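For reference, the structure discussed in these notes is given below.
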Amino acid sequence: LKARFAFPDWAYKPESSPGSRQIQLWHFILELLQKEEYQGVIAWQGDYGEFVIKDPDEVARLWGIRKCKPHMNYDKLSRALRYYYNKRILHKTKGKRFTYKFNFSKVVLVNYPILDMANSPFFLAQNHFNGGVLKKNEQINLIVSNSALDY
DNA sequence: CACGGAAAGC
DNA sequence: GCTTTCCGTG
């Protein structure tokens, strides 16, 4: 029995950008999590959206290959992951080694077509989970800043 | 390990 | 803007 997450298919299209933008780390992480052959390396585990990097050296190596950075390691990769905290794409699961958690609704929102966003279930879910603290502008800014609308 | 500032690269 | 690199701190 495998953990399944209700990501829409388009959420798993890291290289769908027609502008040939560079792949982002969180796209890459999702890509690995999607593939069963990497379950010994990185896998969904625990809470909804939570994942464990089982083999940090290997994940770093694979990321380094993708970005043509042969000297990539977990120290550097994890710094990049930490930059996601303020962007609310990820946060750390404290006390659990190599364990992070996607802010699921945010991640999906980032990929959501802007025209449908206001009435999207993800927008409503976002406000629900955050107690309505997040402002609409903030979410729109995040979408724009990620240039996620490759449609 | 995990965090985050600082600077540099692209 | 998104890392990559380096590193002091807890």
Side-chain angles (χ1 to χ4, degrees), chain A residues 3 5 7-35 37-118 120 122-123 126-127 129-131 133-151:
Chain A
F5 290 84
F7 273 75
D9 285 341
W10 43 258
Y12 284 124
K13 287 179 181 171
E15 283 147 327
S16 63
S17 18
S20 70
R21 220 164 71 258
Q22 273 245 313
I23 184 167
Q24 282 172 251
L25 179 54
W26 68 270
H27 289 310
F28 180 74
I29 296 289
L30 283 178
E31 186 182 304
L32 292 184
L33 285 167
Q34 184 192 20
K35 296 178 181 174
E37 61 257 46
Y38 294 108
Q39 281 196 358
V41 174
I42 184 171
W44 298 114
Q45 198 170 100
D47 260 2
Y48 193 68
E50 198 171 275
F51 64 94
V52 181
I53 298 174
K54 298 178 180 176
D55 189 340
D57 292 339
E58 181 61 6
V59 172
R61 195 184 68 83
L62 293 168
W63 176 234
I65 290 170
R66 179 64 67 89
K67 288 289 292 288
C68 300
K69 295 287 178 182
H71 302 299
M72 181 53 57
N73 57 33
Y74 180 70
D75 179 55
K76 296 174 200 168
L77 183 149
S78 62
R79 181 69 189 93
L81 292 180
R82 269 175 250 130
Y83 274 123
Y84 287 149
Y85 298 170
N86 282 337
K87 296 181 179 180
R88 308 208 200 187
I89 290 172
L90 282 185
H91 62 82
K92 188 75 182 69
T93 300
K94 287 166 188 171
K96 289 187 184 177
R97 211 160 166 245
F98 305 126
T99 303
Y100 301 82
K101 187 174 173 180
F102 275 98
N103 182 344
F104 185 71
S105 57
K106 177 68 78 180
V107 170
V108 174
L109 254 180
V110 164
N111 282 286
Y112 209 81
I114 196 160
L115 292 176
D116 298 328
M117 193 199 65
S120 78
F122 306 115
F123 183 91
Q126 168 91 4
N127 275 334
F129 288 125
N130 290 288
V133 170
L134 291 175
K135 293 167 282 284
K136 200 169 182 174
N137 284 343
E138 187 178 344
Q139 298 180 24
I140 290 170
N141 284 338
L142 181 70
I143 289 169
V144 171
S145 72
N146 275 284
S147 308
L149 303 177
D150 303 318
Y151 298 93

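Naming convention: chains lettered A, B, ... in sequence-line order (proteins, then strands); numbering from 1 in each chain. What you see is a predicted model; the values in this text were computed from it and never measured.
Distance check: A:Q39 CD to A:Q45 CD gives 10.0 Å after rounding to the nearest 0.5 Å. A:I29 CD1 to A:L77 CG: the interatomic distance, rounded to the nearest 0.5 Å, is 6.0 Å.
With sequence neighbours excluded, no residue satisfies side chain to side chain donor-acceptor pair (under 3.5 Å) with A:Y38. In terms of the side chain to side chain donor-acceptor pair (under 3.5 Å) criterion, residue partners of A:Y83 (sequence neighbours excluded) are, by chain and number, A:R79. Scored by the salt bridge (Lys or Arg N to Asp or Glu O under 4.0 Å) test, A:K69 finds no partners at all (sequence neighbours excluded). Remark: A:K67 pairs with no residue by the salt bridge (Lys or Arg N to Asp or Glu O under 4.0 Å) rule, at least two apart or across chains.
Residue A:K94 is classed as having no contact, given no heavy-atom separation below 4.0 Å to the nucleic acid.
For C:dC2, the OP1/OP2 oxygens have no side-chain nitrogen or oxygen of A:W26 closer than 4.0 Å. Side-chain N/O atoms of A:Q24 include one lying less than 4.0 angstrom from OP1 or OP2 on C:dT3.
Aromatic ring centres of A:F98 and A:Y74 lie closer together than 6.0 Å.
Chain A approaches DNA chain B over the interval B:dC1 to B:dA7, counting the first and last nucleotide 5' to 3' with an atom under 4.0 Å from its heavy atoms.
Taking atom OH of A:Y84 as the reference point, atom C1' of C:dT3 lies 8 Å away to the nearest angstrom. In this structure, A:I29 atom CD1 and C:dT3 atom P are separated by 10 Å, rounded to whole Å. When the P atom of C:dT4 is taken as reference, atom OH of A:Y74 falls 14 Å away, rounded to whole Å.
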Distances under 3.5 Å between protein N/O atoms and the N/O atoms of nucleotides 5-10 of chain C, please, pair by pair.
residue : atom : partner : partner atom : Å
C:dT5   : OP2  : A:K76   : NZ           : 3.3

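Nearest-nucleotide mapping onto DNA chain B: of A:P56 and A:N86, the residue sitting toward the 5' end is A:P56.
By the 4.5 Å heavy-atom criterion applied to side chains, A:F102 and A:W44 are counted as neighbours.
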